[in-house]
Amino acid sequence: MGDALKAQEVGTLRPDGNVGTRTKRYGGLERASGAQKYAADLDFPEALQVAIVTIPVGCADILGVDTSEAEAMPGVVGVLTAADLPSPMPRFGVSHKDRPVMADGRVNFYGEPVAAVAALTQEQADAAARAVTVDYRELPGVYTLDAALAPDAHLVQDPSDPTKRAGDPLRETNVIEEQTIAWGDLTEQEAKAALVVEDSYSYPMMTQFPIEPLAVIAEPTDAGGLTVYTPVQHPYLMQRIVAGLIGKTLTQVHVIAPDPGGGFGGKQIPKYEPLMAFLALKLDRTVRLTLNLAETTTAIRRAGAKVHARTGFSAEGDILFHHVVIDYQIGAYADVAPRVMTKGSYVGGGPYRLPACRIEARAVLTNTPVSTAMRGYGAPQISWATESQITDGARRLGLDPARVRLRNLVDNGEEFVQGEFAGKADGEWKEAVVKAMELAGWDDPLPPNRGRGIAVGIKSSATSGLSQSLVRLLYDGSAIVYAGTSDMGQGARTIWAQTVADELGVPVGKVQVISGDTDLVPFDLQTSASRSTVFMGTAVLRACRDVRRQVREMYAERVGADPGDIDDEPGALLTPEGAVTLDEAARIGLGALRGEVLGQGTCRLEGRKGHPLGGDASFYEFNCTISEVELDRGTGQYVITRHVSVSDVGTELNPIQVVAQEEGGAIMGLGQADMEQLVFDEHGRLLNASAIDYRVPTYKDVPLELLTGSVENHDGPGPYGSKGMSEGPILCTGAALGAAVTAAAGVKVTDLPLTAERIWRATRAAAEGAIA
Amino acid sequence: MSVGTESLVTVTATINGEPRTFTVPGHRTLLDALRSELGLTGTKSSCTEGECGACTVMLDGHAVNSCLVLAAEVDGHEVLTVEGVSVDGGTDLQQAFLEHGAVQCGFCIPGQVMSAEYLLSRNPDPSVQEIRDAMSGNLCRCASYNRIVEAVRQTATKRVSTRG
Ligand code: FES
Ligand code: FES
């Protein structure tokens with residue numbers, strides 16, 4: 001944990017406070033009544049509607065784009081093609097600035113924009129987009145990991161292009177980044193092993209599937225800049241990238257980020273916003289792009305992976321070594337995917353005490369839509385393999401898989417990644433396993449055809465960060481908090497309201513939370529990695545304490561007291577004459593002119609040079625999941641009879657929000673384990689973008705019994721000892737469900753999703769093998 | 001279909017209890033008409049193909065996906081949207097959603113509220129399984145499913161006891 005976070009006063013829960021209670025969601029009523037304005041609900045009567053022109057293949061050279069017919073169509077106001085953009089083509093990205101604003105002479109993935117049409121109505125824009133003729137020559141694109149890694153593979157990014165990957169030793173390959181984490185001597189440990197488990201696993205590409213589709217409105221301002229409305233998780237990153245692309249200052253690019261209707265990582269990095277910025281500037285008109293769910297599915301996804309693993313065990317169940325080779329399929333441009341690979345693979349050994357470990361990971365470019373962050377980042381992919389290996393080892397040794405995990409799990413403070421950039425446990429993780437076992441009735445016998453499986457998951461949170469907050473205590477005792485975290489469903493606004501209420505003694509209903517506007521709200525690096533409770537939460541806490549400090553000084557000056565004789569506590573000043581409520585003290589301090597008290601707080605964590613993650617994790621998310629299934633051996637179909645998810649959350653700041661996130665993550669994890677996958681054809685076309693074809697869990701897919709729990713030791717670096725917790729329940733769901741299926745079916749499935757067909761085939765193959 | 005010469009239809013319908021008249025192209029969905037012609041943006045647009053339930057409204061007392069209904073079809077009929085079922089401070093059902101933590105990102109919630117109200121109008125005391133079956137057309141990617149089921153159960157129990 002970084003010193004910046006360690007050193008601070010995190011405070012303790014007030015017994016009569018709001019923090020720690022089931023405070024109702026801030027903005028919840030507006031959402032339930034339809035009053036909440038999401039991006040698509042904003043009214044721009046003058047806006048032009050936009051349609052994107054694409055071609056029906058994943059890889060092609062563009063030979064010509066003819067827009068003449070489209071431009072002559074009714075209602076069409078303008079068309080944007082690559083020819084309208086500066087040369088060389090402006091590109092953007094986070095670690096790699098490789099993504100062009102629109103296809104740059106070559107389409108590198110299915111759905112990459114070739115042109116954009118703006119018209120008075122959406123119908124007109126759609127019709128005109130169909131009338132744009134794109135002449136192209138299809139190329140032998142690489143759509144799978146195997147194709148991308150073949151010796152003579154088509155290179156997704158042209159190595160001769162000086163703007164991309166200059167000086168990169170891997171530039172003649174489709175590997176954009178690689179990382180090896182290793183310690184100990186694998187050979188020496190293998191010599192001691194009673195059992196070596198070796199297997200290959202696959203984790204398909206999936207999509208975030210937020211129910212709110214992507215939407216962007218770009219509006220030119222009188223000052224020559226732009227206001228961009230987009231439901232993003234990182235408004236300040238959006239502002240920086242758009243300003244850089246169009247050559248404006250940050251003050252000229254105003255990003256308004258209405259609360260996203262779900263993000264799950266898919267709304268972090270710009271997608272269509274740069275294109276929309278150039279279109280708005282070209283036409284000097286407000287332009288609006290509203291996608292539907294299928295178009296959104298085509299635009300955002302999670303990296304798939306292929307994994308090969310070898311794991312050695314002693315006869316007693318000690319894990320002696322673990323060797324993993326993992327390739328992440330990241331798509332045509334980098335986005336944040338190289339980091340998905342580095343962060344995912346860093347924890348690839350699991351939270352175990354391993355004498356020897358080697359994780360070799362690569363981020364591989366393919367001609368598929370660009371993968372980005374998704375809940376769990378790169379951890380679920382590798383944990384699917386690592387945890388399945390542990391289960392398999394325990395099974396073959398005749399040991400209890402839960403107890404094998406307890407035997408090997410690190411204790412608090414102990415290293416699970418060894419070496420210069422060690423990773424250490426920062427919680428009592430075994431408690432989560434024990435609690436999950438209790439909730440699941442782990443040792444209770446099961447009827448026939450039922451099986452139970454257990455897995456544990458770990459993920460490093462943010463390794464650097466900066467969050468700034470302002471808190472205004474107004475004269476009448478109400479308060480406004482400015483916090484740049486995007487509230488996309490995790491309930492950030494509620495947590496800030498609860499915190500301010502407790503720290504300043506203001507009723508929670510009198511706290512207003514302002515977010516999502518780069519002109520009004522101070523800087524926040526990003527809403528990702530379950531960081532906000534810890535980073536922004538700390539900034540808000542510090543801003544509140546800054547308010548209290550100022551009230552104390554003002555009050556002391558007014559009443560002629562020595563500030564040193566006055567102490568403050570949440571909601572009050574403690575004077576030699578007794579306690580004075582903070583709002584009363586503020587009124588006395590402010591005096592006849594009234595006014596307000598303005599506090600500011602910052603939470604900054606610097607990275608660490610050379611660290612594979614860019615710095616030490618501010619905290620880890622730890623989860624234990626147990627799944628129980630009832631299997632129909634004849635068909636391979638199964639019902640999830642019970643599912644248990646327990647996370648180490650430090651402190652529950654809002655127990656009902658914790659339950660909602662824990663259940664939500666668990667169900668999303670189960671969807672990814674038992675039904676979700678994106679399917680592409682041999683031309684790189686996405687075949688199942690629609691909600692009919694890409695299945696996500698419905699009410700009917702929820703486990704018959706879904707139980708969640710928390711470990712609370714108040715040992716997190718965030719306010720009141722909290723940790724982030726929104727990703728824990730998705731980290732190891734696949735492996736827990738896979739283990740349950742194995743326990744019930746007696747066969748192991750190594751590819752996700754765990755479909756009935758796969759289980760049936762594995763069962764049949766095993767039966768045939770037994771007969772033969 | 002030739003854009004521009006598209007025939008326009010004038011629709012007169014009772015929307016949330018008020019008579020409303022609007023003119024739209026013949027192919028415009030009820031969803032789009034509610035949102036753009038009538039400014040009723042509480043009804044959400046997501047899949048636009050009848051799969052997610054975000055656009056659920058009631059048409060003559062029946063829950064429908066408004067993305068699958070043409071605006072022209074509601075001429076002479078009654079449409080109820082989330083704005084029409086809401087009251088200041090929230091209904092008992094909406095408050096139950098909040099108490100049970102059902103509202104996460106909230107994007108699916110207006111549709112969930114409409115489906116739940118429809119269910120309760122047909123079956124005042126549904127079991128957990130009946131709720132799951134009846135509402136399975138409403139997707140929630142935040143997966144508030146169990147939270148919503150609890151909220152609907154609580155509302156049903158309270159309504160039955162006050163009526164009974
Ligand atoms: S938008 Fe109508 S069902 Fe999805
Ligand atoms: S609350 Fe987010 S989709 Fe349902």
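Chain letters run A, B, ... following the sequence lines, proteins first, then strands; residues in each count from 1. Here the structure is a predicted model, which means the values were calculated and not measured.
- A donor and an acceptor atom, one from each side chain of Gln104(B) and Gln661(A), are located under 3.5 Å apart.
- Of the two parts of Asp259(A), neither the backbone nor the side chain holds a non-hydrogen atom closer than 4.5 Å to a non-hydrogen atom of chain B.
- Only the side chain of Ser86(B) comes within contact range of chain A, with heavy atoms under 4.5 Å apart.
- Within the 4.5 angstrom heavy-atom criterion, atoms from both the backbone and the side chain of Ala40(A) approach chain B.
- The residue among Met668(A), Glu663(A), Met488(A) with the most heavy atom pairs within less than 4.5 Å of chain B is Glu663(A).
- Taking 4.5 Å as the limit, some side-chain heavy atom of Asn146(B) sits within range of a side-chain heavy atom of Val702(A).
- For the pair Met135(B) and Thr698(A), the minimum side-chain heavy-atom distance is 4.5 Å or more.
- Both the backbone and the side chain of Glu212(A) come within contact range of chain B, with heavy atoms under 4.5 Å apart.
- Minimum interatomic distance between Cys105(B) and Gly261(A) (heavy atoms only, all atoms of both residues): SG-C, 3.3 Å.
- Heavy atoms of Pro231(A) lying under 4.5 Å from chain B are absent altogether.
- The contact between Val82(B) and chain A is made by backbone and side chain atoms together, counting heavy-atom distances below 4.5 Å.
- Look at Lys700(A) and Glu130(B) and you find no salt bridge, because none of the NZ, NE, NH1 or NH2 atoms lies under 4.0 Å from a carboxylate O.
- Contacts with chain B were tallied for Glu676(A), Arg375(A), Gln36(A); Glu676(A) has the most, counting heavy-atom pairs under 4.5 Å.
- Of the two parts of Arg35(B), only the side chain, counted from C-beta on, holds a non-hydrogen atom closer than 4.5 Å to a non-hydrogen atom of chain A.
- Contact count versus chain B (heavy atoms, under 4.5 Å) is highest, among Asp126(A), Ile692(A), Thr290(A), Val696(A), for Ile692(A).
- Side-chain atoms of Gln112(B) and Tyr699(A) form a donor-acceptor pair, as typed in the model, at a separation below 3.5 Å.
- Residue Asp133(B) touches chain A through both its backbone and its side chain, counting heavy-atom pairs closer than 4.5 Å.
- The most heavy-atom pairs under 4.5 Å with chain B, out of Gly27(A), Gly489(A), Pro213(A), come from Gly489(A).
- Of all the heavy atoms in Val103(B) and Arg25(A), the pair that sits closest is O-CD, 2.8 Å.
- Every side chain to side chain donor-acceptor pair (under 3.5 Å) that Ser115(B) has, sequence neighbours left out, goes to Asn138(B).
- No part of Thr297(A) comes within reach of chain B, as not one of its non-hydrogen atoms sits under 4.5 angstrom from that chain.
- Leu120(A) does not touch chain B: none of its heavy atoms, backbone or side chain, sits under 4.5 Å away.
- Ranking Glu30(A), Gln122(A), Lys37(A), Gln208(A) against chain B, the residue ahead of the rest is Gln208(A), based on heavy-atom pairs under 4.5 Å.
- Ser144(B) does not touch chain A: none of its heavy atoms, backbone or side chain, sits under 4.5 Å away.
- For Glu37(B), the side chain to side chain donor-acceptor pair (under 3.5 Å) criterion is met by Arg28(B), not counting sequence neighbours.
- Using a 4.5 Å cut-off on side-chain heavy atoms (C-beta onward), Tyr145(B) and Asp701(A) make no contact.
- Lys24(A) places a side-chain heavy atom less than 4.5 Å from the side chain of Gln95(B).
- Contact record, Ile656(A) with Arg147(B): CD1-NH1, 3.7 Å, taken as the closest heavy-atom pair.
- Side-chain contact between Glu83(B) and Ser33(A) is absent, with no heavy atoms from C-beta onward closer than 4.5 Å.
- For Pro260(A), the part lying near chain B is the backbone, with the side chain staying farther off; criterion is any non-hydrogen pair under 4.5 Å.
- In terms of heavy-atom pairs under 4.5 Å with chain B, the best-connected choice from Gly491(A), Ser690(A), Ala35(A) is Ser690(A).
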